[in-house]
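Beneath this line is the structure, given in structure tokens, with notes to follow.
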Amino acid sequence: MASVNQNPEQQARDRIDELLKQAGWDVQPKRNINLSARLGVAVREYQTDAGPADYVLFVDRQPIGVIEAKREEEGHRLTVVEEQSSEYADSKLKYLNNQPLPFIYESTGILTRFTDRRDPKPRSRPVFSFHRPETFQAWLAQDQSLRTRLLDLPELPIEGLRECQIRAINNLDISFKATRPRALIQMATGSGKTFTSINFIYRLLKFAKAQRVLFLVDTKNLGEQAEQEFMAYTPNDDNRKFTELYAVQRLKSSYVATDSQVCISTIQRLYSILKGEELEDKAEEANPNEWVQPKAPLPVVYSDRLPIEFFDFIVIDECHRSIYNIWKQVLDYFDAFLIGLTATPDKRTFGFFNENVVSEYTHEQAVIDGVNVGYLPYIIETEITKDGSRLVAKEYVEKREKLSRNQRWAQLDEEITYSGKQLDKNVVNPSQIRNVIRAFRDKLPEIFPNRQEVPKTLIFAKDDSHADDIIKIVREEFGEGNAFCKKVTYKAEEDPKSVLAQLRNDYYPRIAVTVDMIATGTDVKPLECLLFMRDVRSKNYFDQMKGRGTRTLDMDALKKVTPSAQTAKTHFVIVDAVGVTKTLKTDTRALERKSSAAIKDLMMGIHMGAEDEDAFLSLASRLTRLERQITPKEQSRLQELSSGKNIKAIAEALLNAYDPDVIFDKAIADNNLSATETPTDGQLETAQKSLIRQAAAIFTGDLIDYVDNVRKVHEQIIDTVNLDRVTFAGWDQQAKDQAQSVIQDFAQFIEANKDEITALRIFYNQPYQRRSLTYQMVQEVLDILKLQKPNLAPLRVWQAYEQVEQVNGKSPISELVALVSLIRRVVGTDANLTNYEATVNRNFQDWVFRKQAGALKFSEEQVEWLRIMKDYIATSFHLETDNLEYEPFGMGGQSRCMTCLAMKWSR
């Protein structure tokens, strides 16, 4: 530590000396030089023909760079002294006939800037500390610097890439070549952000010879998913898998393999490594953006295991969250390019990435391109959801312990009135849950016509207890077993990864219930329905939750898990049972929220290193209140999880960390001072840090979970007295507006192609020739429609019509039948959308009645053959005499049916 008696310049040099030593350099005075002492030697005040340089750096006895030292007050002027630094780097060193030196630093020991003069356009950049001698040795062994190699990235092979992915990678290449340090890729959920990033990571490793890339996530679940995608990826120019070409490591401990080219880690784990601490697995399960954030970020420290140059590139998944406050330091620590991936950036995100948006691909554009599917909102409203209810005094009710779920009967001492927002917290009304689930079940034929099974559905619950109630009622109302509906949370008994795999790939479960584990970032393509039974206030979080339904899926893949699906996935439905689509959403969560922070967030923040006084005092106060609420049995269990400490002792440890008297006494004890001696500031600071760490060490993952659960209301009232009633179940007006837009788009497509496509030309201009319309002609229309307008699948347009007008007949099973019916509606042949099969049936029936009323009557055998012909026309649109020799007519059909060839049922 610099002496207070030193001048500012000397203090800066002391700090620089310490940073150099941490990075593996041997710092020597100019009068005692030994260039063989270590691989890297930093010599102070080395003489040059431009004067003495503050530091000259030698690697393997060769000069490679200089450091220009400035006092702390000059930090804002470091870029001003770059010319002075360059003079020293260009000058001749005493005793040496050296070439200009390639590496330059300007530093105050607090702020440091670095320039690699081998770069095509050398530009200084801020760095956390100094690079290691081994790094310079490796760099100088290469022909070009990394930024020079980036200029030679080859043209991107586009096979297998979407247009939005091609644009993102090409623009990122341009950003790299311009040496922009940060870049943001905004791509809609489901458009392949991870796949895009693996493509450009492969290019950086192969063509730019990047040493190592970090793929940074904020939950364990996202890390596992990214690892699977790396394992599955095969590049265009090589038959081997990515993981056969490059080593990929997902961090599960503090060990980081130096021979891996791709490292996948949560930001929590990397932060703990840079602090020299181990991390519990539970800390990786939740998004750390939810935890309390300290007012003053805790500093990370230099790690010789992870030097600042360890990663050349850092790809930050879901970068709209968890990169601010204490977590930002992880990114600031490394001397690396930063590439952010997100579907839902906010203002902070744009600012962090210097507004360098290399890809801007919105959900709306993705829907238009057929990369994503859009959604339709369906509303379910009930009386109690909206208005709550009341229980009168002396009423006998069930009470349930929230954790054990043990139930007992009790008489209410006083009247209880509860609102809809209190549901499933203090009061559970099974009738409210049942009526929502029952309405969902009964309305499924309206929401998903012609389905024989429940579409894959995800229900968002308020908490684990609420999820358990929902699962029980879903199984009852649908009359199904355990496999039909399962819970997917980290607290579920069944492995959540196993349930997720079943949800993606198997017939069961049809319905999954989650709290927040798969609310964001998790890919389950077959999901067609999201049922919200919890409200969400954050706009970004709601958008991420909606993203679970946006993935596209072709018909064959969808039919594997949903056999009655007749088309590819064309849209998904949000069933809103709590008004989530109506409530006001905020752009971001508040960054400072001590007074309203959940106790779990306070504990997790302190567990991860929050050291500001507000967090400690607030948590101590909350725990003191909790002590008066929990039972002796719960106290005993809490002590087991806290190494024998009761709540009072835990709260006391938190308070002691900021009690000046306790800090003073500990400093005296730790340093064996006498009662008359006064501890130094440094001793007091060390004593306080020790107290802070002792208090924080109490909060293990198991203890945090237990306190979070036990502090919640001990008993919930089960209101079985007030029965709920559905007041509305139907499509939202927004869905109707979207449906009208789909209909208009379809009509415009038909109008635009009426002169180009044979079938449409017949419908528009030659109605008398409709009898010549063939199956192949209609198939041509469908093929062009799918190619040009994939979001206008016939059955999707049919459903849009069902929302805005009276439709005659059920939704067709066949896309071709639906398409002919829709074309007839658009060109005005039918006043209302009418199933073409129904039209054929009606015309056939009228024709037969007229014939049977005359002199000539058909036999039963003839009528049966006529029906076969009618069914054929209903699905194939046209009948030639040659068709009568094939199925369904069979051999000899032509001779038996000649008397019926004059029929005109479909005209």
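All of these numbers come straight from a predicted model, not from anything done at the bench.
With sequence neighbours excluded, the residues that form a side chain to side chain contact (heavy atoms under 4.5 Å, CB included) with Thr570 are Thr567, Ala793, Arg796. Residues satisfying the side chain to side chain contact (heavy atoms under 4.5 Å, CB included) criterion with Gln137, sequence neighbours excluded, are Leu39, Val59, Asp60.
Tyr202 and Asp237 are linked by a side-chain donor-acceptor pair at a separation below 3.5 angstrom, with hydrogens and angles left out of the test. Side-chain atoms of Asp119 and Thr179 form no donor-acceptor pair, as typed in the model, at a separation below 3.5 Å. In the model, Gln502 has a side-chain atom that pairs as donor or acceptor with a side-chain atom of Ser498 under 3.5 Å.
Counting only heavy atoms from C-beta outward, the side chains of Phe130 and Ser107 approach each other to under 4.5 Å. In this structure the side chain of Ile314 never reaches within 4.5 angstrom of the side chain of Val330, judged on heavy atoms. Side-chain contact between Pro154 and Arg203: present, with at least one pair of heavy atoms (C-beta onward) separated by less than 4.5 Å. With a 4.5 Å cut-off on side-chain heavy atoms, Asn171 and Ser359 do not count as touching. Two residues are said to be in side-chain contact when any heavy atoms from C-beta on lie closer than 4.5 Å; Glu780 and Asp783 fail this criterion. Under the 4.5 Å side-chain criterion, counting only non-hydrogen atoms from C-beta, Leu500 is in contact with Asn221. Leu153 is listed as a side-chain neighbour of Lys177, based on a closest heavy-atom distance under 4.5 Å. The closest side-chain heavy-atom distance from Ile64 to Trp139 is not below 4.5 Å.
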I would like to know whether Tyr302 and Phe128 meet ring pair (Phe, Tyr, Trp, His ring centres under 6.0 Å); could you show each step before the answer? CA-CA 8 Å; Tyr302 184 85; Phe128 182 86; 7.3 Å; no
Apply side chain to side chain contact (heavy atoms under 4.5 Å, CB included) to the pair Ser129 and Thr112, showing each step before the final yes or no. CA-CA 7 Å; Ser129 185; Thr112 302; over 6 Å; no
Please assess Asp304 against Arg132 for the test side chain to side chain contact (heavy atoms under 4.5 Å, CB included), listing each intermediate value before the final yes or no. CA-CA 9 Å; Asp304 55 3; Arg132 297 185 68 81; 3.9 Å; yes
Worked verdict on Leu785 versus Phe746 for side chain to side chain contact (heavy atoms under 4.5 Å, CB included): CA-CA 9 Å; Leu785 180 67; Phe746 180 77; 4.2 Å; yes
Residue pair Thr148, Arg118: steps toward the side chain to side chain contact (heavy atoms under 4.5 Å, CB included) verdict: CA-CA 8 Å; Thr148 304; Arg118 303 171 306 147; 5.6 Å; no
The test is salt bridge (Lys or Arg N to Asp or Glu O under 4.0 Å); show your working for Arg149 and Asp152 and say whether it passes. CA-CA 5 Å; Arg149 298 195 297 272; Asp152 297 325; over 6 Å; no
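Within the structure, side chain to side chain donor-acceptor pair (under 3.5 Å) contacts touching residues 331-341 (residues at least two apart or in different chains) are Arg125-Asp335, His131-Asp335, Lys328-Asp332.
Here Arg250 contributes atom CZ and Thr266 contributes atom OG1; the two are 9.5 Å apart, rounded to the nearest 0.5 Å. Considering CG of Asp543 and NZ of Lys546, their distance stands at 4.5 Å, rounded to 0.5 Å. Taken from CG in Asp312 to CG in Leu150, the straight-line distance is 9.0 Å, to the nearest 0.5 Å. Between Leu151 atom CG and Leu146 atom CG the span is 10.0 Å, to the nearest 0.5 Å. Distance check, rounded to the nearest 0.5 Å: CG of Asp218 to CD1 of Ile267 gives 8.0 Å. Note: Lys525 NZ to Leu527 CG = 12.5 Å, rounded to the nearest 0.5 Å.
A perpendicular orientation is assigned to the rings of Phe200 and Phe176, their planes being inclined by more than 60° (bins at 30° and 60°). Note on ring orientation: taking the six-membered ring where Trp is involved, the planes of Phe311 and Phe334 are perpendicular (angle over 60°, cut-offs 30° and 60°). The aromatic rings of Phe313 and Phe337 lie parallel to each other, their planes meeting at an angle below 30°, with 60° marking the opposite boundary. Taking the six-membered ring for Trp and thresholds of 30 and 60 degrees, Phe136 and Phe103 have ring planes inclined between 30 and 60 degrees apart.
Closest non-hydrogen pair, Asn354 versus Pro181, comes out as ND2-CG, 4.2 Å. Taking all atoms of both residues into account, the shortest heavy-atom contact from Arg123 to Arg180 is NH1-N, 4.5 Å. Minimum heavy-atom separation, Pro100 to Arg117: CB-NH2, 3.6 Å. Shortest non-hydrogen contact noted between Arg212 and Ala257 is NE-O, 4.4 Å. Across all their heavy atoms, Ser254 and Arg269 have their closest contact at N-NH1, 4.3 Å. Pairing each heavy atom of Phe242 with each of Leu205, the nearest pair is CZ-CD1, 3.8 Å.
Arg551 places no side-chain N or O within 3.5 Å of a backbone atom of Val524 that could act as its donor or acceptor partner. With hydrogens and angles disregarded, no donor-acceptor distance shorter than 3.5 Å links the side chain of Gln249 to the backbone of Thr258. Between the side chain of Arg113 and the backbone N or O of Ser124 there is at least one donor-acceptor pair closer than 3.5 Å. Under a 3.5 Å cut-off, the side chain of Lys456 and the backbone N or O of Leu558 do not form any donor-acceptor pair. Judged purely by atom type and a 3.5 angstrom limit, Gln165 uses its side chain to pair as donor or acceptor with the backbone of Arg162. In terms of modelled atom types and a separation under 3.5 Å, the side chain of Thr514 and the main chain of Val488 share a donor-acceptor contact. In this structure a side-chain-to-backbone donor-acceptor pair under 3.5 Å is missing from Lys569 to Thr552. Put simply, the side chain of Ser175 never gets that close to the backbone of Ala183: no donor and acceptor are under 3.5 Å apart. A donor-acceptor pair is defined here as one N or O able to donate and one able to accept, closer than 3.5 Å; no such pair exists between the side chain of Arg182 and the backbone of Leu338.
A salt bridge is absent between Lys206 and Asp238; no separation between the charged side-chain nitrogens and carboxylate oxygens falls under 4.0 Å.
Within 6.0 Å of NZ in Lys560 there are 12 or fewer heavy atoms belonging to other residues, nucleotides or ligands.
Just one of Thr194, Asn199, Thr243 meets the side chain to side chain donor-acceptor pair (under 3.5 Å) condition when paired with Tyr233; it is Asn199.
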